[in-house]
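Note on naming: letters A, B, ... go to the chains in the order of the sequence lines (proteins, then strands), and numbering restarts at 1 for each one.
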Amino acid sequence: MVVDDHPMWRAGVARDLQERGFEVVATASDAASAVRIAGTVRPDVVLMDLNLGAQTGVEATQQIIAARPETRVLVLSASGEQSDVLEAVKAGASGYLLKSASVEELVDAVNRTAEGAAVFTAGLAGLVLGEYRRMAAAPAGPEPAPELTDRETEVLRLVAKGMTSRQIATKLVISHRTVENHVQSTLRKLQLHNRVELARYAIEHGLDADQH
Amino acid sequence: MVRNRPAIPGISPDDDPATPFWRGLIVLRIVTWAFALGSIWLNAHTFAVAWAGWLVAGVMTVWTGVLTFFYVTPPGRLPQLVIADLVLNTVLMLSSVPIVGPAQLQGGAQTITTLWSAAVPVGGAIYGGRYWGLLFGGITAVANVLPRGYFNIYLAEDTVLLIGVSFVVGVATEATRNSADRVRQALRTEAATAERERLARSIHDGVLQVLARVRKRGLEVGGEAAEIAELAGEQEIALRSLIASGPLESTVDGDTDLRQWLQLMATPSISVAAPATPVLVPQVTAGELAAAVREALSNVDKHAGSAARAWVLLEDLGGEVVLSVRDDGVGIADGRLAAAEAEGHLGVSQSIRGRIADLGGTVELTTAPGEGTEWELHVPTGGSR
């Protein structure tokens, strides 16, 4: 499923994916219809643009994953939207690709997202790394902030410097699989923390009243 | 009238922020005119030259009408009128000597214009601010004392009031004009920012999407189209960095967000990774670091091979920033760099080391043939967050 507010881009990406054997089950041009359509067609992977106008792709990502947690969301975005990208990833997106990526990179990213792997660009690794450091430096909130292990920090830094997971595996003398696990784990901790924070916020502000 | 300022919604450029003061002045003048006329009617029988008293009353009436007519709208608030007002009033006050009579004045009689004269320095203060107020107040105070031939506590009070009130009104008018200017300035800045955002949005939604698409399709088609695609890609990234970063802003204490400096360097073959929150460093540090990174990148361009890509990573450790510049090019053979340094061909290496050392930081260079080159720059930023 492809979500983007620009018709030409939406059609182009959909065609690229179809030509390479993917089934594009739906497209959507704004956040509200993306959430609605995703609930009906149950896509394996949602390609999400973040710049959707009134409601952002971040909110759409959050709602799609809340409704059906096994949906994988791959953020496809322009550079320069760093904080939005970080928010989308915290909201549950499992990867991020620049719109300037080649078709091969896109296809590879969609495949890996479908398999449940995280798709990390160097830019996203830099953002995630920065977010962990920000949380460590900020005054402690009610929930303890998640921390990275030394090995996870090491792996993230290498990703941010543009190394592939195979290169990292060779350099650190660990298996390729282990590298991927480390990367996944940095994301999972961030998303879990985000969900706990959101739930706490909801309880504190009585937003969960309708669930009781 | 020529409009020399761009129109801002909500504020017409011809608006005089002091208009309420001018309206107040008109009211003051009419009230004091009625007072002066009453005073002449009551005292005319004591005047030395009664008919001249009524002549002055006529002049005051006409002049009050003229000023009211002109002062109602901004174009009529002319300096000639304000000064003519002062001159006329001073002459009328001094004419009290022959008209009211020196003996009557000595005996405590009022000047012929009475309170009407008080509106004059107030007008000067509204027109020209505090110094005009002081000057007009002073002249009027002198003209108030001279005809009487004596000075007592009541005249001292008049003097203080005339000068003091004019000064205060002048200060208030200046303050009003200044704050109106500031509001205008703020509205103008806001309009410019809104326009910038609107432009950025439309570039983002239109031009950038098309450029990205051209690049993608062009690369697939290959040949000449691939060249066009390459160009489109470069422009896409340049435009994106532009609309994303905006002007290089700095905070009040001179710190600047280092991310803005680095993000301008991103190209299709150079990736820049940074935190989502600002990395604030002093302006000088940012300039030196950006220059060091630029040198490292230009070195990549020259020596690492044409297909080489580069990655810049910015990390903020709180009290220290770490900048890594890595490329996947041919690397530098073991010892070659050392040999070059020994021979004095230091070039880039020394330049980067020099810059970082000046900032009190350290440089690490890792390289091996076929494995690219990596610079890691550690620089203290003083404050911890």
Side-chain angles (χ1 to χ4, degrees), chain A residues 4-13 15-16 19 49 51-53 76 78-87 89-90 98-106 120-134 136-138 153 156-164 167 170-171, chain B residues 200-201 203-206 208-213 215-217 219-220 229 232-234 236-237 239-246 259 262-263 266-268 270-279 309-319 322 324-328 371-372 374 376 384-385:
Chain A
D4 198 300
D5 64 339
H6 203 272
M8 194 173 89
W9 180 270
R10 201 166 60 229
V13 169
R15 203 191 50 216
D16 287 345
E19 278 171 4
D49 179 29
N51 203 324
L52 292 179
L76 198 57
S79 68
E81 295 171 356
Q82 287 107 334
S83 50
D84 284 349
V85 169
L86 184 62
E87 287 309 312
V89 164
K90 281 160 81 175
L98 271 177
K99 276 192 169 174
S100 51
S102 70
V103 178
E104 283 66 39
E105 285 172 303
L106 175 66
F120 257 48
T121 57
L124 178 55
L127 289 172
V128 171
L129 205 53
E131 181 64 5
Y132 273 102
R133 295 213 167 104
R134 186 189 65 77
T153 308
L156 264 191
R157 290 193 74 210
L158 293 175
V159 175
K161 290 177 192 175
M163 290 178 82
T164 64
Q167 287 171 316
T170 314
K171 185 179 169 95
Chain B
R201 228 180 359 260
I203 289 175
H204 182 273
D205 293 349
L208 280 183
Q209 309 277 350
V210 173
L211 281 177
R213 194 71 206 140
R215 180 176 120 82
K216 195 163 271 179
R217 286 304 291 172
L219 285 179
E220 286 164 21
E234 276 167 26
E236 178 201 346
I237 284 169
L239 255 182
R240 277 208 170 121
S241 322
L242 262 181
I243 62 173
S245 64
R259 296 181 310 158
L262 299 177
Q263 269 149 10
T267 70
I270 298 172
S271 137
V272 176
T277 45
V279 179
R309 300 186 56 195
W311 292 267
V312 178
L313 169 63
L314 169 63
E315 297 166 274
D316 184 359
L317 304 186
V322 183
S324 315
V325 183
R326 192 184 83 88
D327 69 69
D328 61 357
E371 284 190 15
E374 180 177 339
E376 199 168 293
S384 63
R385 286 190 305 161

note = Correct closest heavy-atom pair for B/L313 and A/A160 would be CD1-CB, 3.5 Å
Per-residue contact mode, B/R217 against chain A (heavy atom under 4.5 angstrom) = side chain
inquiry  = Contact between B/D328 and A/Q167 at the side-chain level, heavy atoms closer than 4.5 Å - yes or no?
reply    = no
message = At a 4.5 Å cut-off on heavy atoms, which part of B/V279 comes close to chain A: side chain, backbone, both, or neither?
response = neither
note = Rounded to the nearest 0.5 angstrom, the CG-CD distance for B/L219 and A/E104 is 9.0 Å
remark   = CG of A/L158 to CZ of B/R326, rounded to nearest 0.5 Å, is 8.0 Å
task = State the CG-CZ distance between B/D316 and A/R134, to the nearest 0.5 angstrom.
result = 12.0 Å
note = In short, A/L127 meets B/A274 closest at the heavy-atom pair CD2-O, 3.3 Å
ask   = Taking every heavy-atom pair that is under 4.5 Å apart, which of A/G162, A/G130, A/G126 has the most such pairs with chain B?
value = A/G162
ask   = What closest approach, in Å, do A/A122 and B/A273 show between heavy atoms, and which atom pair accounts for it?
value = O-CB, 3.3 Å
ask   = Looking at A/E87, A/E131, A/R157, A/M8, which one has more heavy-atom pairs under 4.5 Å with chain B than the rest?
value = A/R157
ask   = Side chain, backbone, both or neither: which part of A/R15 has an atom under 4.5 Å from a heavy atom of chain B?
value = side chain
key: Among the listed options B/R309, B/E315, B/R215, the residue most often paired with chain A at heavy-atom distances under 4.5 Å   = B/E315
